[in-house]
Peer 1: 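Pasting in a structure now, in structure tokens, and then I'll have a few things to ask.
These numbers come from the heavy atoms of this one structure, side chains and all, not from hydrogens, waters or symmetry mates. In what follows, chains carry the letters A, B, and so on, assigned in the order in which the sequence lines appear, proteins first and then strands, with residues in each chain numbered from 1.
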Amino acid sequence: MEWTCSLGFPSRTLRFSRKLHPTTTDRNTAESRSLKKKQCPPRLLPPPPPRRSHLTMAAPSRTSWADVADAEPAPPAPVPAAAPATSNGPARADRSSYVPPHLRNRSSNAPPVSSAPPPRAAPGLLGRPTGGVGGRFGGGGAPPRRWDREPNPFGDEEEVPAEPVPFDEHQNTGINFEAYEDIPVETSGREVPPAVGTFAEIDLGAALNDNIRRCKYVRPTPVQRHAIPISLAGRDLMACAQTGSGKTAAFCFPIISGIMRGPPMQRSQRGGSRTACPLALILSPTRELSMQIHEEARKFSYQTGVRVVVAYGGAPITQQLRDLERGVDILVATPGRLVDLLERARVSLQSIRYLALDEADRMLDMGFEPQVRRIVEQMDMPPRGVRQTLLFSATFPGEIQRMASDFLENYIFLAVGRVGSSTELIAQRVEFVQEADKRSHLMDLLHAQRDSSEQGKQALTLVFVETKRGADSLENWLCTNGFPATSIHGDRNQQEREYALRSFKSGQTPILVATDVAARGLDIPHVAHVVNFDLPNDIDDYVHRIGRTGRAGKSGIATAFFNDNNSSMAKSLADLMQESNQEVPAWLTRYAARPSYGGGGGRNRRGAGGGSRFGGRDFRRESSSFGKGGGASDYAGGSSYGGGGYGGAGAPSAWD
DNA sequence: AAAAAAT
């Protein structure tokens with residue numbers, strides 16, 4: 001047993017029960033004392049500089065970071081990988097004294113922190129946008145040799161897939177940028193930094209710009225255009241955005257950029273201590289989503305020296321511990337495993353400068369809220385206002401916004417509409433199917449799908465069911481009847497889950513039966529058809545599910561099986577389809593009109609928030625405390641949400 | 001009522 005346990009914890013059982021009922025007094029328990037005790041070594045420099053003000057951002061330096069790096073002679077003299085501690089030299093007041101995060105531990109094989117202080121940055125470097133990281137990051141020339149060993153996450157020169165892959169898995173950048181032109185955008189909050197139009201206007205640095213090019217991102221999506229300047233200005237952010245449109249990049253770019261230009265003394269992990277101290281934490285609700293974010297973040301941080309590590313449950317913890325020991329700047333995690341790591345004192349949050357919650361409304365709903373609150377408020381994470389907090393989600397009900405505002409300080413609210421201004425890209429169908437007929441009905445759909453497919457490229461079909469048992473049962477039935485199906489749900493082990501997802505993505509098993517574990521965030525290219533075999537009880541879940549298709553400007557089909565068990569969904573489903581310019585079957589309209597189902601909408605709380613199901617409005621606007629507050633509204637491309645309730649504006653749905 | 005998330 002870990003020493004912290006025997007020292008600080010009476011028993012595992014007690015710890016578990018306390019987790020379920022966290023109290024503010026946890027701060028002073030033996031547990032948290034032991035956490036404090038096992039902390040990262042003291043900083044050699046004061047805490048991070050105050051975040052740059054909006055004013056700084058409003059008038060950005062015209063000199064780009066890359067330009068400066070270019071202008072310098074920049075001798076990227078290849079340094080031996082195992083450079084001795086002294087090779088970095090004492091602190092000098094020039095840019096080349098910067099030590100990229102991933103190299104900061106290289107020298108610490110031998111010297112304890114006390115005997116050999118690592119190089120410090122020149123004070124003038126801190127927070128200077130043009131200070132950059134000097135010649136080492138190059139001005140667009142060949143990357144320094146010492147990074148050549150970093151595996152290329154873009155898969156350019158390596159990793160021939162073991163099996164034939166029908167679809168190019170790396171071709172995940174087929175975003176239809178044209179479709180983003182007239183998307184409605186709304187921002188509110190004090191002194192909102194102006195949006196940018198191109199990546200060139202954003203001072204992200206040469207290395208990051210290279211990766212943006214490798215990703216084939218031509219220009220920023222609306223989410224990126226707005227969120228990146230806001231984040232670079234140091235502001236907290238609550239953003240509603242569509243996943244397929246580059247949401248991950250919208251919070252990763254500023255984080256990576258901020259870490260690269262930040263004070264270099266913040267070591268991810270120092271010799272002698274086994275406690276990793278990441279500078280950024282990204283939380284997500286499912287393991288697969290964490291994996292996906294990690295993969296994306298690794299691409300963005302390729303050859304930047306910024307280390308990204310992922311930690312989630314269901315997988316052996318040993319590899320994750322090894323990864324953490326090698327140093328971590330950005331930690332992507334699911335809550336449970338992170339709590340485990342914190343209890344083992346293998347991770348400390350004391351150096352966190354950036355906190356990002358993906359699918360933030362899910363992270364703050366009943367199931368996750370206690371854990372997340374514990375991580376954010378009852379561990380050693382710097383308080384709001386000191387760290388920078390970025391919340392991203394598609395749906396942000398007023399009450400969740402209110403809860404989320406506990407984590408934020410003077411934040412900006414950003415809402416970005418979807419591609420094509422409605423779900424017209426997703427053809428939604430609803431069919432009345434009795435429970436007993438569902439399987440044969442599904443078979444008809446799959447047959448039709450198979451017949452219409454071309455070149456042996458079976459289109460991917462994602463089938464959502466309500467229960468884990470139902471998923472197993474349906475998968476089994478499909479396989480028995482000759483359909484290549486697999487399944488993903490929480491009762492399958494992690495290996496099975498990951499294999500199922502890979503097999504589906506590659507087209508090897510073009511039918512995936514899933515519970516809601518796959519409803520959010522997962523970016524699976526080429527999903528042509530989403531079948532709601534069992535409708536969810538919450539219209540928001542429906543929106544997330546059908547959003548697995550019709551992504552990034554491509555079209556898709558969503559079919560729902562409706563019967564008497566779904567009566568509570570009739571009204572909200574009919575409304576949603578109407579708002580999305582879909583043809584609503586007459587029987588559904590009649591169904592929805594029945595008084596007993598009128599209020600419907602699953603457990604949708606449409607009450608206080610003014611019926612804003614998608615949280616497209618800043619909840620602060622509903623209260624007096626917000627005042628005039630600048631109220632900076634910005635409607636890109638002339639579209640707008642319309643005057644009335646957001647729900648009626650024709651822009652909802654399929655927000656991830 | 002179900003799903004997810006720690007061992």
Peer 1: Rounded to whole angstrom units, what separation is found between the CZ atom of A/R492 and the P atom of B/dA5?
Peer 2: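 That distance rounds to 14 Å.
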Peer 1: So which nucleotide from B/dA6, B/dA2, B/dA3 ends up closest to the side chain of A/V339?
Peer 2: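 For A/V339, the side-chain atoms sit closest to B/dA6.
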Peer 1: Once you round to the nearest 0.5 Å, how far does NE2 of A/H294 lie from OG1 of A/T248?
Peer 2: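 Here the interatomic distance stands at 13.0 Å.
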Peer 1: Answer yes when A/K571 and A/D575 have at least one side-chain N-carboxylate O distance shorter than 4.0 Å, and no when they do not.
Peer 2: yes
Peer 1: For A/R520, which of A/T286, A/D358, A/D361 qualifies under side-chain hydrogen bond (donor to acceptor under 3.5 Å, both in side chains)?
Peer 2: A/D361
Peer 1: What is the distance, rounded to the nearest whole Å, between atom CZ of A/R346 and atom P of B/dA6?
Peer 2: 17 Å
Peer 1: Quickly work out the A/M291 CE to B/dA5 P distance and round it to whole Å.
Peer 2: 12 Å
Peer 1: Thinking salt bridges, do A/R362 and A/D365 make one under a 4.0 Å N-O criterion?
Peer 2: yes
Peer 1: So which nucleotide from B/dA2, B/dA3, B/dA5 ends up closest to the side chain of A/T515?
Peer 2: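 Side chain of A/T515 sits closest to B/dA3.
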Peer 1: Taking atom C1' of B/dA4 as reference, at what distance in whole Å does atom CG of A/D541 sit?
Peer 2: 11 Å
Peer 1: Check each of A/F533, A/W587, A/Y542 against A/F562 using the ring pair (Phe, Tyr, Trp, His ring centres under 6.0 Å) test, and report the only one that passes.
Peer 2: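 Output: one option passes, namely A/W587.
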Peer 1: CG of A/D365 versus P of B/dA2: gap in Å, rounded?
Peer 2: 16 Å
Peer 1: Given that A/Q494 and A/M366 both sit by DNA chain B, which one's nearest nucleotide is further toward the 5' end?
Peer 2: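 Its nucleotide being nearer the 5' end, the pick is A/M366.
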Peer 1: Is any side-chain nitrogen or oxygen of A/R469 closer than 4.0 Å to OP1 or OP2 of B/dA3?
Peer 2: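 The answer is no; no side-chain N or O of A/R469 sits under 4.0 Å from OP1 or OP2.
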Peer 1: Using the side-chain heavy atoms of A/F368, tell me which of these nucleotides is nearest: B/dA6, B/dA4, B/dA2.
Peer 2: B/dA4
Peer 1: Give a yes/no answer on whether the side chain of A/R520 brings an N or O atom under 4.0 Å of OP1 or OP2 in B/dA3.
Peer 2: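 Checking A/R520 against B/dA3: no side-chain N or O falls below 4.0 Å of OP1 or OP2.
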Peer 1: Distance check needed: B/dA6 C1' versus A/D340 CG, whole Å only.
Peer 2: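 Atom-to-atom, A/D340 to B/dA6, this comes out as 5 Å.
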Peer 1: The side chain of A/N537 is closest to which nucleotide in this list: B/dA3, B/dA1, B/dA6?
Peer 2: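 Nearest to the side-chain atoms of A/N537, counting from C-beta on, is B/dA1.
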Peer 1: If you compare every side-chain N and O of A/R287 against the phosphate oxygens of B/dA5 (OP1, OP2), does one of them come in below 4.0 Å?
Peer 2: yes
Peer 1: Base, sugar-phosphate, or nothing for A/G313, non-hydrogen atoms under 4.0 angstrom?
Peer 2: sugar-phosphate
Peer 1: Round to the nearest Å and state the distance from A/Q371 atom CD to B/dA5 atom C1'.
Peer 2: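 The distance from CD of A/Q371 to C1' of B/dA5 comes to 6 Å, rounded to the nearest Å.
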Peer 1: Report yes if a side-chain nitrogen or oxygen of A/T334 is closer than 4.0 Å to either non-bridging phosphate oxygen (OP1 or OP2) of B/dA6; otherwise report no.
Peer 2: yes
Peer 1: Could you give the CE-to-C1' distance, from A/M363 to B/dA4, as a whole number of Å?
Peer 2: 10 Å
